[in-house]
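Contents: one structure, followed by commentary.
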Amino acid sequence: MYKSVETLLVEIPTIRPHKMAVATMQTQVLVLIKVTTEDGFIGWGEATTIGGLGYGDESPESVKTNIDTYFAPLLKSLSGLNVAQTIQTIKKNINGNRFAKCAIQTALIDIQAQRLGLPLSELLGGRLRNSIPVLWVLASGDTAKDIAEAEQMIAAKRHNFFKLKIGSRSVEADVEHVLAIKKALGADISIRVDVNRAWSELEAIQGIQLLQNGGIDLIEQPCAIDNIDAMQRLTRKFDIAIMADESLYGPHSAYLLAKQNAASVFAVKIAQSGGLTEACEIAKIAKLAGIDLYGGTMLEGPIGSIASAHVFSTFENLAYGTELFGPLLLTEDILKTPLQYQNFELVIPTGAGLGIEVDEDKIDNLRRH
Ligand code: MUC
Ligand code: MG
C-alpha cells in the first residue's frame with residue numbers, strides 16, 4: 001500500500017539571524033517526509049526542529065536516520081490497515097520519536113484527506129475558522145532593529161502582536177529591552193516574551209514582576225523543562241499568563257501540567273505533541289482544565305506550518321493566537337504558490353489534504369545529497 005517513504009533535509013538561510021536563549025539560527029534545516037502510495041497518492045509531513053540538538057532531543061539527522069531505518073520499512077510492510085490502525089502499529093513498534101511520528105501521521109492523513117476530497121482539517125473534527133492570527137517573533141538581538149521590524153510588520157498588515165526572545169542576557173538587560181519595545185509600540189500592541197527556560201525561579205520572580213508591571217501579556221517557559229513545581233508557583237503567584245512550551249511534550253505532559261495548575265496557557269506544537277491527533281487531545285485536556293491555547297511552531301517551513309494551521313483551526317479556544325510565521329523567516333519557498341498571509345492572519349487552504357502544492361524541483365535544488 002505504501003510504496004516509498006523519503007526523508008529530505010532541506011537547508012534554507014533565514015532572512016536575519018534569529019537569536020534565542022538556546023541557539024542562534026542563521027539557517028533552518030527543514031526535515032520533510034514524502035510518502036507515496038502504490039495507487040499514486042503523495043502525502044507530505046514535516047519533522048523540523050530548532051538548532052540541531054540545541055532545542056530538543058531529536059536532531060534533523062537523527063529523525064532522518066530513524067525514519068529511513070525503522071519507520072519506512074515498517075510502513076512499507078503494512079497492508080490492509082486504515083490510517084488509525086497504521087498509526088497505532090507504529091506507536092506499538094517504535095518508542096519516542098515524536099517529530100518523526102508527527103511527520104508520518106501528517107503524510108498519512110494528508111493522503112486520506114486527498115482520497116476523500118476534503119481539507120485535512122475536516123478529518124480532525126472540522127475547522128471552526130478559515131484563517132488564524134499569526135504573531136511575529138522579534139529576535140534580532142537589537143532593540144532599535146526590533147522596533148523598526150515590528151513597525152514594518154504592522155504597516156504591511158502582516159502581524160500586529162509580537163513575541164520577544166529573551167533569556168540570554170541578564171534579567172535587568174532583558175527587561176529594559178522588552179519594555180523599550182513595549183513603550184515604542186504602544187498599549188494596543190500585545191507583547192509576550194519567551195525565556196526558553198533560561199531563568200532560575202528567583203530570576204523568574206524578579207523578571208516576571210517587572211514585565212507584568214510594564215504591561216507585558218504573557219511569559220513563555222520561564223524555567224527548566226522538568227521544573228513543574230516552579231511553573232506551578234509562578235502561575236499561582238502572578239496574574240500575567242504563564243505559558244508552558246518546552247514542558248508540554250505530548251498529551252501525558254499536558255495532563256500532568258493541568259493537574260498541577262502549572263500553566264495558564266499551553267503552546268501546542270504538532271511535532272512536540274507527537275502528532276496531529278495528539279495535539280487535538282492536548283486541546284481537549286486544556287479545555288477541561290480551563291487552560292487557554294496558543295498555536296506554537298518549531299519554526300517549520302510551509303508543510304509543517306499549514307498542517308499546524310489545519311489542527312489549530314479546529315480548536316474551540318485559540319485565545320492567544322498562533323506563531324505560524326516559520327515560512328516567512330526563510331529566504332526561499334518550497335511551494336508552487338506561497339502560503340497566504342493577509343490582514344494579520346494565515347489563510348487555511350480549502351483544497352483537499354493539506355491544500356498546498358509542493359515544488360519538488362525547488363526542493364531538489366536545496367536539499368542535502
Ligand atoms: C519556541 O520556543 O517558541 C518558536 C518561535 C520562535 O521564534 O522560536 C520557536 C521556539
Ligand atoms: Mg517557546
Side-chain angles (χ1 to χ4, degrees), residues 12 14-31 46-60 98-99 102 132-141 145-146 149-150 153 158-159 161-168 174 178 181 191-199 204 216-225 227 231 234 241-249 253 257 263-273 279 282 292-302 304-305 308-309 312 320-330 346:
I12 303 180
T14 55
I15 55 172
R16 57 148 169 73
H18 198 64
K19 292 193 179 160
M20 297 169 276
V22 286
T24 297
M25 289 166 56
Q26 311 268 4
T27 63
Q28 176 60 310
V29 183
L30 304 183
V31 184
E46 185 167 349
T48 296
T49 184
I50 295 169
L53 280 171
Y55 190 95
D57 49 16
E58 296 176 45
S59 71
R98 301 189 302 281
F99 286 58
C102 175
I132 44 178
V134 180
L135 61 62
W136 181 252
V137 171
L138 300 169
S140 75
K145 269 193 201 158
D146 281 356
E149 205 173 279
M153 296 298 178
R158 267 258 306 267
H159 310 276
F161 60 124
F162 300 91
K163 159 165 143 177
L164 276 54
K165 288 295 204 177
I166 61 172
S168 48
D174 272 339
V178 174
I181 293 174
I191 303 289
R192 300 96 182 266
V193 299
D194 188 356
V195 190
N196 279 126
R197 58 196 129 120
W199 286 343
I216 302 309
D217 288 325
L218 175 144
I219 312 287
E220 179 172 343
Q221 195 66 42
C223 296
I225 294 178
N227 200 350
M231 292 285 282
L234 296 170
I242 306 287
M243 183 159 81
D245 181 11
E246 289 95 316
S247 294
L248 182 62
Y249 45 86
S253 69
L257 287 165
S264 40
V265 186
F266 280 170
V268 183
K269 298 180 173 177
I270 58 168
Q272 290 277 39
S273 302
I282 290 176
D292 280 327
L293 293 179
Y294 172 71
T297 181
M298 287 302 291
L299 296 174
E300 292 105 327
S305 298
S308 303
F312 303 156
Y320 284 85
T322 79
E323 57 181 15
L324 295 179
F325 69 96
L328 301 170
L329 192 64
L330 305 176
L346 168 61

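What you see is a predicted model; the values in this text were computed from it and never measured. Counting starts at 1 for both ligands and their atoms, following the listed order.
For the residue pair D245 and E220, the shortest heavy atom distance occurs at OD2-OE2, 2.9 Å. The minimum heavy-atom distance linking D174 with S168 is given by the pair OD2-N, 3.9 Å. Taking each heavy atom of Y320 and F161 in turn, the nearest pair found is O-CE1, 3.6 Å. Closest non-hydrogen pair, A271 versus M298, comes out as CB-CG, 4.5 Å.
At a 4.0 Å heavy-atom cut-off, ligand 1 does not touch W136 at all. Proximity of Q221 to ligand 1, defined as any heavy-atom pair under 4.0 Å, is not found for any part of the residue. Counting heavy atoms closer than 4.0 Å to ligand 1, residue M20 contributes side-chain atoms (C-beta onward) but none from N, CA, C or O. Contacts with ligand 1 closer than 4.0 Å are made by no heavy atom of E300, backbone or side chain. The part of V137 lying near ligand 1 is the side chain, judged by heavy-atom distances below 4.0 Å.
Taken from CG in L324 to CZ in F312, the straight-line distance is 5.5 Å, to the nearest 0.5 Å. Between L30 atom CG and T27 atom OG1 the span is 9.5 Å, to the nearest 0.5 Å.
Taking a 4.0 Å cut-off on heavy atoms, M243 fails to register as neighbouring ligand 1. Taking 4.0 Å as the cut-off, K163 counts as a neighbour of ligand 1 on heavy-atom distance.
Closest to atom 10 (C) of ligand 1 among all protein heavy atoms lies I50 CD1, 3.5 Å. Counting only heavy atoms of the protein, atom 7 (O) of ligand 1 lies nearest to H18 NE2, 2.7 Å.
Inspection of the D194 and Q221 side chains reveals no N or O donor paired with an N or O acceptor under 3.5 Å.
Interface atoms of ligand 1 facing E323, defined by a heavy-atom separation under 4.0 Å, are 3 (O), 4 (C), 5 (C). Close approach of ligand 1 to D245 (heavy-atom distance below 4.0 Å) involves ligand atoms 1 (C), 2 (O), 3 (O). Atoms of ligand 1 found under 4.0 Å from any heavy atom of K269, numbered from 1 in the order shown, are 1 (C), 2 (O), 3 (O), 10 (C).
Seen from the Mg ion (ligand 2), atom OD2 on D245 and atom OE2 on E220 lie at an angle near 90° (rounded to 10 degrees).
Remark: among candidates Q272, K165, E246, the nearest residue to atom 1 (C) of ligand 1 is K165, based on non-hydrogen atoms.
Below 3.5 Å of separation, one finds an N or O of Y55 facing an N or O of ligand 1.
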